[in-house]
Amino acid sequence: MNNITVNAVLAGASRGWEEYRQSFSNSQDLFNYFGTSGVFLVVAFLLQDSTVEGAEVSVGAMIIASAIGFLVAMGGIITVAQILATEREDGTLLRAKALPKGMVGYFVGKAVHVLLVTATNTAIVLFPPFLLIDGFAFGTQGDWFTFAWVLLLGITATVPIGAVLGSLIKSPRSTMGLLMIPVMGLTMISGIFFQFSAVHEWAQWIAQVFPLYWVGLGMRSVFLPDAMLAVEIGESWRHLETAGVLGLWTVVGLVVAPILLRRAAQRESGSRMAEAREKAMQSTV
Amino acid sequence: MRDLRMSYGPTEVLKGVDFTARRGEVLALLGPNGAGKTTTIEILEGFRNRSSGRVEVLGADPAKGDERWRARLGIVLQSWRDHGRWEVGRLLAHFARFYVPFSEPGRPRPWDVDELIREVGLEEHAGKRIAALSGGQRRRLDVAIGIVGRPEVLFLDEPTAGFDPEARRDFHDLVRRLSDLEDTTVLLTTHDLDEAEKLADRILILADGRIVADGSASELAARIQSRQRVSWTRGGRRFTEAVDNSTTFIRDLFERYGDEVSGIEVDRADLEEVYITMVKRDGQDASAEITPEPAEENR
């Protein structure tokens with residue numbers, strides 16, 4: 001990397017930090033941080049005394065562990081797609097394009113921003129359960145290691161998916177509608193709220209194609225006692241398969257996403273933005 | 001002659017556009033909606049690919065311009081609601097940072113942010129969030145972002161749309177300063193004839209995908225033949241007469257009345273008249289009542 005690129009990467013990193021900092025003075029963002037996590041925590045707390053069918057594990061503890069998988073996937077897919085669709089339309093991307101190495105700065109900024117937001121979400125969900133929910137703990141030293149690589153691979157597997165969707169979707173206002181339903185559907189069959197063994201076998205197969213299930217499984221392996229294995233597929237945490245599936249998504253994503261992003265960025269111009277603005281104005285009136 | 005050269009082959013939108021800008025020159029691209037102004041400017045910015053023709057900006061083809069080339073350009077974009085949460089000063093400092101490796105002797109990059117904020121008259125708003133700026137203030141910020149890298153060539157697409165008269169005058173002063181002091185070549189598109197006349201060294205009228213006129217405001221006015229209105233005061237009375245040649249007429253006037261004549265005004269064909277004539281002449285439904293000189297479009 002020459003110093004021009006290094007300079008742009010550093011500028012991008014400070015951009016990510018600045019946008020992260022700004023998120024704390026925005027009520028919508030604060031709600032996203034604490035609202036979603038709050039729902040999980042309340043549900044988990046209420047269900048802490050019920051046990052998972054077929055295993056001596058608190059449903060509350062299971063939900064918290066799976067919730068981290070959910071937050072990572074949501075952050076990677078929905079948040080990234082939403083930001084990208086919005087910033088393509090409002091001209092943020094175009095401004096980056098007008099700067100020397102501006103695109104590098106822009107995408108580094110986004111990556112840093114998403115990383116910080118996901119870390120914050122995870123921390124907010126994680127801390128209260130350690131104190132409040134029985135059977136929720138880091139078992140061994142190895143759990144820390146598993147936690148770190150599942151989290152990291154979870155992010156790298158989902159962020160490119162979000163980037164691809166965000167560069168394909170035409171209007172930011174349709175992002176939520178288009179993505180929420182499939183993502184919620186996937187959440188239902190991925191063992192986030194209900195134990196995975198209760199899901200139909202054919203739905204289990206679908207769920208296992210996508211990263212969401214695997215990040216959830218990885219997190220359960222970290223926070224839940226091995227008693228939980230009684231209801232997991234193959235009675236195993238399947239770390240190898242987890243790394244394989246998430247790794248595959250990461251590799252494919254890192255190949256495909258830059259191509260589509262470059263295409264999306266190339267299409268941006270002042271006149272396209274003016275068109276988008278016209279449309280947005282019309283739809284808000 | 002090193003800044004801009006462009007010849008653009010036949011397409012639907014642009015049917016052969018040719019022009020050259022000299023260093024430090026302010027060029028206004030005038031034309032009706034759909035004439036291809038924005039397309040032209042976007043090709044020059046490297047944001048849009050042309051179908052054919054030869055284009056050169058600062059010695060490079062915009063379609064292949066590298067980052068070093070990009071750093072020498074300034075583009076004033078029409079902002080809408082991007083970066084609403086950023087503070088004015090922070091955003092400018094962030095964008096300025098990208099230009100640091102491109103500083104050159106005699107042209108230090110980027111512009112000092114505080115100085116630039118003063119330059120565009122936003123010093124009272126430096127700590128404000130962008131979402132809280134008024135429309136006019138936002139446009140000043142757009143200009144500041146466009147010039148933060150001390151560009152050698154600056155592109156402005158409809159820069160003063162929505163400005164009040166005072167903001168417009170300040171903006172004109174700023175553009176003139178850029179061209180005079182910084183030796184920046186400026187290419188702007190506008191609908192505002194008055195603005196083009198005040199600001200531009202040279203005006204290009206683009207109609208139906210072609211440059212139909214190229215020259216300073218007065219050169220353009222001289223090109224279309226029209227009668228001029230001469231008004232004067234003599235013995236406390238005001239006279240007005242339409243004449244073919246105002247110079248001869250006024251000389252005769254002085255020969256006859258000498259010092260009795262005062263308050264002479266000559267209304268030339270104004271830019272609006274030129275514009276309407278040029279644009280119509282080029283249109284397919286060029287009406288018969290306009291009888292301009294045979295098209296002599298100097299390229």
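Within every chain, numbering begins at 1; the chains are lettered A, B, ... in the order of the sequence lines, protein sequences first and strands thereafter.
No more than 12 heavy atoms of other residues, nucleotides or ligands sit less than 6.0 Å from atom CZ of A:Arg263. No more than 12 heavy-atom neighbours from other residues, nucleotides or ligands sit within 6.0 angstrom of CD on B:Glu124. For CH2 of A:Trp17, the number of neighbouring non-hydrogen atoms (other residues, nucleotides, ligands) closer than 6.0 Å is 12 at most.
Between B:Arg97 and A:Leu10, the closest side-chain pair of non-hydrogen atoms falls below 4.5 Å. For the pair A:Glu87 and B:Asp82, the minimum side-chain heavy-atom distance is 4.5 Å or more. No side-chain heavy atom of B:Glu67 sits less than 4.5 Å from a side-chain heavy atom of A:Thr5.
The two residues A:Gly102 and B:Phe98 make their nearest non-hydrogen contact at CA-CE2, 3.9 Å. Contact detail for B:His94 and A:Ser14: the closest heavy-atom pair is ND1-OG, 4.3 Å. Here the shortest heavy-atom pairing between A:Ala98 and B:Tyr99 reads O-OH, 3.9 Å.
Interface residue B:Trp86: backbone and side-chain heavy atoms are both found under 4.5 Å from chain A. Residue B:Ile145 touches chain A through its side chain alone, counting heavy-atom pairs closer than 4.5 Å.
Comparing A:Asp29, A:Val104, A:Thr86, A:Leu93 by how many heavy-atom pairs each has under 4.5 Å with chain B, the most go to A:Asp29.
The distance from the CZ atom of B:Phe102 to the NZ atom of A:Lys101 is 8.0 Å, given to the nearest 0.5 Å. Atom CG in B:Leu91 sits 7.5 Å away from atom CZ in A:Arg95 (nearest 0.5 Å).
Scored by the ring-ring contact (aromatic ring centres under 6.0 Å, His included) test, A:Phe40 finds A:Phe70, A:Phe193 as partners (sequence neighbours excluded).
Using a 4.5 Å cut-off between non-hydrogen atoms, the part of residues 18-28 of chain A that approaches chain B consists of A:Glu18, A:Glu19, A:Arg21, A:Gln22, A:Ser23, A:Ser25, A:Asn26.
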